[in-house]
Amino acid sequence: MTEREAMILNLLAEGYNNKKMAELLQLSEHTVRDYVSSLMTKFKAKNRTQAVVYGFRVGLLK
């Protein structure tokens with residue numbers, strides 16, 4: 001997992017939407033969407049919630 005993906009995962013866990021994450025990280029919403037999609041693919045998650053749960057289960061989130 002890249003440093004940026006870890007940042008996105010942490011913000012997902014905090015409940016931020018793509019628009020707010022884009023503002024905080026000074027990225028486009030499209031770029032944030034791509035990062036979220038990449039995380040979901042890596043984690044084999046069907047949705048954002050499953051991605052966050054997986055992050056907690058494997059110790060990527062505390």
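The first residue in the sequence is number 1, and the count goes up from there. Atom set for the values below is all heavy atoms of this structure, side chains included, hydrogens, waters and symmetry mates excluded. Quantities reported herein were computed from a predicted structural model and do not represent experimental measurements.
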* Using side-chain contact (heavy atoms from CB on, under 4.5 Å) as the criterion, point out the one residue from Met21, Lys19, Lys20, Glu23 that pairs with Val32. => Met21

* Asked: Does any donor atom in the side chain of Ser38 or Thr41 lie under 3.5 Å from an acceptor atom in the other side chain?
  -> no

* In Å and rounded to the nearest 0.5 Å, what is the CG to CG distance from Leu61 to Asn10? -> 5.0 Å

* Structure fact -> Between the CG atom in Asp34 and the CD1 atom in Ile8, the distance rounded to the nearest 0.5 Å is 10.0 Å

* Co-membership, hydrophobic cluster, residues Met1 and Val53, 4.5 Å side-chain -> no

* To do: Would you check if there is a donor-acceptor pair between the side chains of Arg48 and Asn18 at a distance under 3.5 Å?
  => yes

* Could you note down all residue pairs passing ring-ring contact (aromatic ring centres under 6.0 Å, His included) where residues 29-62 supplies at least one of them, sequence neighbours left out? => Phe43-Tyr54

* **Worked check of side-chain contact (heavy atoms from CB on, under 4.5 Å) between Leu11 and Leu25** => CA-CA 10 Å; Leu11 291 173; Leu25 299 174; 3.8 Å; yes

* Asked: Distance from Glu14 atom CD to Leu24 atom CG, nearest 0.5 Å?
  -> 10.5 Å

* Asked: How long is the gap from CG on Leu39 to OG1 on Thr2, to the nearest 0.5 Å?
  -> 7.5 Å

* Structure fact -> d(Leu60 CG, Glu5 CD) to nearest 0.5 Å is 10.5 Å

* What's the shortest heavy-atom distance between Met40 and Ala51, and which atoms? -> CG-CB, 4.2 Å

